[in-house]
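Step one of this worksheet: look at the structure below.
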Amino acid sequence: MKKSNYYLFSFFILMLLGSCSSDDSSNPGNELQGIEGIFCTDYSGPAAAYWNMANGQFIPLNQVPMIANEGGRVLTPEQPSLSLSYPQGYNGTRLEDDFGFPIGIDILRNDRRVYFRWIPNVSFFGITDFDQVLGPQINLMFETVGYDPNNGFTPRCSRNETQNFEGLAVNFNGRVIEFGEFTGIVWVRSVVVPGLGTVNSAIQISAAPSAEFDERTLDTFLPFNFQLLVRPDGGGFIDNDRDGTPAHLDPDDNDPDVP
C-alpha cells in the first residue's frame, strides 16, 4: 500500500539523516546556534531547530545524535519500535491502552525536571477541535514537572494547520511554551478517519529547564527521535509491516492492510 503523501510530514528525518556525517570532532550544536524558529517570535538556537524539525524543516547536523551514557532501556517486545535507550539518571516506562497493549513511552529524569513522551498512534473520539488533543498534553507536561499553570506561561512558537491529502484531513498542532524556569515543546499530528468518527494522533512532549534545553535537545531529545523513528542500520524509517507508511504514521504497523 503506497501512501507517499504522508512522507511530507516525516521527510524531516530523511533530510536530517542526509545532513549527518561520521565526523565526531566538532560540537554538534555549533551549526544550530543561528537557526531561527519558524512560526515563532524571536526564537533561535538548537531548541528552535528541534521545533523546526517537528514542522518538517531541514536541520544540519555533523553527526547522528546518540545517547552518550546509557542508563537503561524501555523494552516493548510487542512493539519493537517503542523500545528506547535512555541516559543515566533517567527512568522509562511504557504507556498502555485499556487492554494492556503498549501505545507509547514516557522518559523522566530522576529529578523530574526533564520529560519526554512519545505516542506514535492513539485514537480519540468526539473531537471537534484539535486543541482538545493538544491541551491535555500541555497540562500533563505542567503536572509532570510540578508546575502550576496558574502562575502563567508564554507561547514562543505556535502552529495549528490542517491540510488535505488524498481526501484525509491531516493536522499539525504544536507549541513551544516557556513556563516558570522551563521550556516545553509539545506537538500533535492528527489524521481524521472518515466514516469512523475518530482522530488518530501522534504525540510528542519534550520539556526541560530553559537554561539547559538546548543541551538536552542535543544529547537527549534528538537521540530519542533517531532511536524511535529511524532504523538502527540507517536504512530509513521504521516500517514493521512494510506497507510504505512508517510506524509513527501508521495506525497499525503490524497490519499491512491498515489503514
Side-chain angles (χ1 to χ4, degrees), residues 8-71 84-90 107-109 111 113-118 138 141 145 147 153-161 172-189 204-230 234:
L8 294 175
F9 289 95
S10 50
F11 188 58
F12 65 88
I13 301 175
L14 285 179
M15 294 189 293
L16 192 57
L17 281 171
S19 69
C20 295
S21 74
S22 60
D23 179 11
D24 294 335
S25 62
S26 60
N27 185 338
N30 287 342
E31 64 271 39
L32 305 184
Q33 292 301 327
I35 292 181
E36 299 288 335
I38 59 175
F39 308 105
C40 300
T41 301
D42 189 27
Y43 198 65
S44 62
Y50 183 41
W51 159 254
N52 289 358
M53 188 183 78
N55 284 272
Q57 296 293 306
F58 169 85
I59 77 170
L61 290 172
N62 58 30
Q63 57 187 284
V64 174
M66 298 179 66
I67 299 296
N69 299 299
E70 184 174 332
L84 176 75
S85 296
Y86 50 82
Q88 295 177 10
Y90 288 72
I107 306 291
L108 187 63
R109 199 166 70 182
D111 62 2
R113 292 170 62 81
V114 178
Y115 175 50
F116 179 83
R117 163 168 285 205
W118 170 240
I138 293 174
M141 175 181 68
V145 301
Y147 181 75
F153 53 90
T154 303
R156 294 295 303 275
C157 310
S158 179
R159 180 186 172 206
N160 186 354
E161 181 177 349
F172 179 92
N173 195 4
R175 307 286 187 277
V176 178
I177 300 173
E178 293 179 347
F179 53 105
E181 59 181 308
F182 292 92
T183 293
I185 297 179
V186 185
W187 60 260
V188 177
R189 187 174 287 115
Q204 190 171 111
I205 300 173
S206 305
S210 299
E212 58 178 281
F213 197 95
D214 283 348
E215 188 175 0
R216 297 293 79 79
T217 291
L218 296 169
D219 66 16
T220 305
F221 299 142
L222 284 175
F224 284 170
N225 277 269
F226 264 82
Q227 287 186 68
L228 291 168
L229 305 181
V230 179

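Values below: all heavy atoms of this structure, side chains included; hydrogens, waters and symmetry mates excluded. For reference, positions follow the sequence shown, starting with 1.
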Hey, which of Phe221, Tyr115, Tyr43 is the one that makes ring-ring contact (aromatic ring centres under 6.0 Å, His included) with Phe213? Phe221
[atom1]/[X] to [atom2]/[Y] distance, rounded to the nearest 0.5 angstrom?
{"X": "Arg175", "Y": "Phe39", "atom1": "CZ", "atom2": "CZ", "answer": "12.0 Å"}
{"X": "Phe224", "Y": "Leu84", "atom1": "CZ", "atom2": "CG", "answer": "5.0 Å"}
{"X": "Asn173", "Y": "Arg159", "atom1": "CG", "atom2": "CZ", "answer": "9.5 Å"}
{"X": "Phe179", "Y": "Met141", "atom1": "CZ", "atom2": "CE", "answer": "4.0 Å"}
{"X": "Phe116", "Y": "Arg216", "atom1": "CZ", "atom2": "CZ", "answer": "14.5 Å"}
{"X": "Ile67", "Y": "Asp219", "atom1": "CD1", "atom2": "CG", "answer": "7.0 Å"}

Closest heavy-atom contact between [X] and [Y]?
{"X": "Arg189", "Y": "Ala54", "result": "NH2-O, 3.0 Å"}
{"X": "Gln88", "Y": "Glu70", "result": "CG-O, 3.7 Å"}
{"X": "Leu218", "Y": "Pro65", "result": "O-CB, 4.4 Å"}
{"X": "Tyr90", "Y": "Tyr86", "result": "O-CE1, 3.1 Å"}
{"X": "Cys157", "Y": "Ile38", "result": "CB-O, 4.3 Å"}
{"X": "Ala208", "Y": "Val114", "result": "CB-CG2, 4.0 Å"}

Within the 4.5 Å heavy-atom criterion, are [X] and [Y] side-chain neighbours or not?
{"X": "Gln204", "Y": "Asn225", "value": "yes"}
{"X": "Arg156", "Y": "Asp42", "value": "yes"}
{"X": "Arg113", "Y": "Phe182", "value": "yes"}
{"X": "Trp187", "Y": "Ser206", "value": "no"}

Partner set under ring-ring contact (aromatic ring centres under 6.0 Å, His included) for Phe153, not counting sequence neighbours: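 If we apply the ring-ring contact (aromatic ring centres under 6.0 Å, His included) test to Phe153, skipping adjacent residues, the hits are Phe142.
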Donor-acceptor pair, distance only, cut-off 3.5 Å: does the side chain of Gln227 make one with the backbone of Ser85? yes
Any sub-3.5 Å donor-acceptor pair from Asp214's side-chain atoms to Ala47's backbone N or O?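 A pair under 3.5 Å: yes.
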Would Met53 and Leu222 count as a side chain to side chain contact (heavy atoms under 4.5 Å, CB included) here? Give the steps. CA-CA 10 Å; Met53 188 183 78; Leu222 284 175; 3.8 Å; yes
